[in-house]
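Here's the structure we're looking at; comments come further down.
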Amino acid sequence: IGTDSSTRVIFKGSETYSLWEGIRIIGFGASQTALSYVEIRNAGCGLYLENTSNISITDSLIHNCQGTSTYGIWIESSFNIFLGTNTIANIQGGTATGIYLQNSGTNTLSTNTISNIQGGTATGIYLYSSASNTLISNVVERVKTTNGGTGTGILLELSGTNTLTSGKISQNNYGLYNDGSSGTITAFYVWWGHYTGPYHSVTNPQGKGNPVSDFVDYGSWSYSSGKQEIILLSPSSGRVGESIEINGAGFATQTIILISFGTTKTMTTTVSSNNGTFSATFSVNTQPEATVVVTASDPGNNNSTALFYII
């Protein structure tokens, strides 16, 4: 409908949110519909799709929705729906959900941002009895309850096999919950809010990121929210000839990482992993100053520094 963010077509209800149920796309006769650069606000449910397929919703904004049971987007009994680069924010209610998939499959949710979902029960993305959906590079943040309960970033209930990869799940009461109805979901290369990964009492008790349930394979999580950093320089002081280990994250993937040490521009090189982490060792050499700047950089101009002290 719109052509860019400056020409968004706005659909809005009154400040009495629950009196307007938002936009509805119902029936397979509505297939092939495409909505782009739409803004929907002040609705009980921003966008509702039922019994339809091959719908594309992109670059749109759904926000400030409120009611007893409130949804940013609700997809029911629908297939081959594409949600891309949308923002769903400030959804509030007794039950508040950013994106809800019910009895729906083969849908793709890509690079959407879901944030500030608050209610007695609050969920960022909720898959109920839904399978074969792909969630990739979505941001789900600040999903919290208002009554001391648990706000869940992503919830899978009675759902079959779904795919989740990359993106950010952070600043929620709970990160990802899978009831295990159809086994384990993989959730690789996700930023969970801390470089130690998601918290799980058994498999990752040292994790300081958003918690995950059983039946979640979080595998190789992202060590960075996008900020390049050296996460460990061990030791941080030592004598000439001693070995230093340097570990980094947030760099370009599978590329050469150059390590400089004070006046030595190329102390060593290594290759980053497929999630932008690296590890390297080298021996301390003689430097003109006792305080030495250690720098890691890649060809994409990502770089970060740490200090080493020669004793």
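Note that the coordinates shown come from a computational prediction; the quantities given were computed from them, not determined experimentally.
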Are any of the side-chain heavy atoms of Asp217 and Phe188 separated by less than 4.5 Å? yes

When rounded to the nearest 0.5 Å, the distance separating OG1 of Thr85 from CG of Asn112 is 6.5 Å

Is there a donor-acceptor pair closer than 3.5 Å between any side-chain N or O of Asn173 and the backbone N or O of Gly151? yes

Are Leu35 and Ile55 connected in the hydrophobic side-chain network, where two residues link if heavy atoms are under 4.5 Å apart? yes

With rounding to the nearest 0.5 Å, note down the distance linking CD in Glu50 to OG in Ser78. 7.0 Å

Nearest heavy-atom approach of Leu258 to Lys265 is CD2-O, 3.1 Å

For Ser56, all residues meeting side chain to side chain contact (heavy atoms under 4.5 Å, CB included), sequence neighbours excluded: Ala34, Thr58, Phe82

Closest non-hydrogen atom pair, Val271 against Phe278: O-CB, 4.5 Å

Measuring from Ile57:CD1 to Thr33:OG1, what's the distance to the nearest 0.5 Å? 8.0 Å

Should Tyr199 and Val143 be regarded as members of a common hydrophobic cluster, given that ILVMFWY residues are connected when their side-chain heavy atoms come within less than 4.5 Å of each other, either directly or indirectly? no

Can you see which heavy atom on Thr146 is nearest to which on Gln118, and at what distance? CG2-CB, 4.2 Å

Given Phe282 and Ile246, is the side chain to side chain contact (heavy atoms under 4.5 Å, CB included) satisfied, shown in steps? CA-CA 9 Å; Phe282 60 90; Ile246 179 173; 4.3 Å; yes

Can you confirm whether Tyr48 sits close enough to Glu76 that some side-chain heavy atom of one is under 4.5 Å from a side-chain heavy atom of the other? yes

Side chain of Ser104, backbone of Gln102: donor and acceptor closer than 3.5 Å? yes

Which is it for Thr263 and Gln287 under the side-chain hydrogen bond (donor to acceptor under 3.5 Å, both in side chains) test, yes or no, and what are the steps along the way? CA-CA 7 Å; Thr263 59; Gln287 295 287 320; 3.1 Å; yes

Tell me if the OH atom of Tyr128 is crowded by more than 12 foreign heavy atoms within 6.0 Å. no

Ser132 meets the side chain to side chain contact (heavy atoms under 4.5 Å, CB included) criterion, sequence neighbours left out, with Thr106

Taking Gly167's backbone N and O only, do any of them form a donor-acceptor pair with Asn138's side chain (distance below 3.5 Å, no angle check)? no

Backbone N/O of Leu61 and side chain of Asn86: donor-acceptor pair under 3.5 Å: no

Look only at the side chain of Ser110 and the backbone of Gly84, and say whether a donor-acceptor pair between them is shorter than 3.5 Å. no

Could you tell me whether Glu289 atom CD has more than 12 heavy atoms of other residues or ligands within 6.0 Å of it? no

Compare every heavy atom of Ala306 with every heavy atom of Leu233, then report the nearest pair and how far apart it is. CD2-CB, 3.8 Å

Same apolar cluster (I L V M F W Y, side chains within < 4.5 Å links), Ile136/Trp191: no

I'd like to check Tyr71 versus Cys65 (side-chain heavy atoms, cut-off strictly below 4.5 Å). Are they in contact? no

What residue pairs, at least two apart or across chains, pass salt bridge (charged side-chain N to carboxylate O under 4.0 Å, His left out) with a residue in residues 28-40? Glu39-Arg41

Any side-chain to backbone donor/acceptor pair from Asn204 onto Thr196? Under 3.5 Å, distance only. yes

Give a yes or no answer on whether the side chain of Asp298 reaches the backbone of Gln254 with a donor-acceptor pair at less than 3.5 Å. no

Residues passing the ring-ring contact (aromatic ring centres under 6.0 Å, His included) test with Tyr126, sequence neighbours excluded, are Tyr100

Give a yes or no on this: more than 12 heavy atoms of other residues, nucleotides or ligands lie within 6.0 Å of atom CG of Leu307. yes

Determine, stepwise, if the pair Thr277 / Asn247 fulfils side chain to side chain contact (heavy atoms under 4.5 Å, CB included). CA-CA 7 Å; Thr277 63; Asn247 292 278; over 6 Å; no

Nearest heavy-atom approach of Ala96 to Ile91 is CB-O, 3.6 Å

For Ile25 and Leu47, run side chain to side chain contact (heavy atoms under 4.5 Å, CB included): C-alpha distance rounded to whole Å, both residues' side-chain angles, the deciding distance at 0.1 Å, then the answer. CA-CA 8 Å; Ile25 300 174; Leu47 178 63; 4.3 Å; yes

Ser129 and Asn103 side chains, donor-acceptor separation under 3.5 Å: yes

Mind checking side chain to side chain contact (heavy atoms under 4.5 Å, CB included) for Asn162 and listing every partner two or more places apart, or none if nothing turns up? Leu127, Asn133, Leu156, Ser159, Ile185

Walk me through whether Ser182 and Thr161 qualify under side-chain hydrogen bond (donor to acceptor under 3.5 Å, both in side chains). CA-CA 6 Å; Ser182 296; Thr161 302; 6.0 Å; no

Measure across Ser53 and Phe28 and return the closest heavy-atom pair with its distance rounded to 0.1 Å. OG-CD2, 3.8 Å

Applying side chain to side chain contact (heavy atoms under 4.5 Å, CB included), name anything that partners Thr203, two or more places apart in sequence or on another chain. His200, Tyr218

Separation between NE2 (His194) and CH2 (Trp221), nearest 0.5 Å, reads 11.0 Å

If you define the side chain from C-beta out and look only at heavy atoms, does anything of Asn210 sit under 4.5 Å from Pro198? no

State, yes or no, whether a side-chain contact exists between Asn285 and Met267 at a heavy-atom distance under 4.5 Å. yes

First locate atom CD1 of Ile99, then atom CD1 of Ile62, and finally report the distance between them rounded to the nearest 0.5 Å. 8.0 Å

Are side-chain heavy atoms of Trp192 and Leu176 found at a separation under 4.5 Å? yes

Contact between Phe261 and Val284 at the side-chain level, heavy atoms closer than 4.5 Å - yes or no? yes

Is it true that Val190 and Leu155 fall in one hydrophobic cluster, defined by side-chain heavy atoms closer than 4.5 Å? no

Leu83 vs Asn107 side-chain heavy atoms within contact, under 4.5 Å: no

Kindly indicate, with the supporting measurements, whether the criterion side-chain hydrogen bond (donor to acceptor under 3.5 Å, both in side chains) is fulfilled by Thr87 and Thr113. CA-CA 5 Å; Thr87 297; Thr113 298; 4.8 Å; no

Does any N or O in the side chain of Thr184 come within less than 3.5 Å of the main-chain N or O of Val216, such that one atom is a donor and the other an acceptor? no

Would Glu141 and Ser170 satisfy side-chain hydrogen bond (donor to acceptor under 3.5 Å, both in side chains), going step by step from the backbone distance to the final call? CA-CA 5 Å; Glu141 296 179 327; Ser170 65; 3.3 Å; yes

How long is the span from the CD1 atom in Ile125 to the OG1 atom in Thr152, to the nearest 0.5 Å? 12.0 Å

In terms of hydrophobic clustering (I, L, V, M, F, W, Y; side-chain heavy atoms under 4.5 Å; direct or indirect links), are Phe79 and Leu101 co-clustered? no

Taking Ser137's backbone N and O only, do any of them form a donor-acceptor pair with Ser166's side chain (distance below 3.5 Å, no angle check)? yes

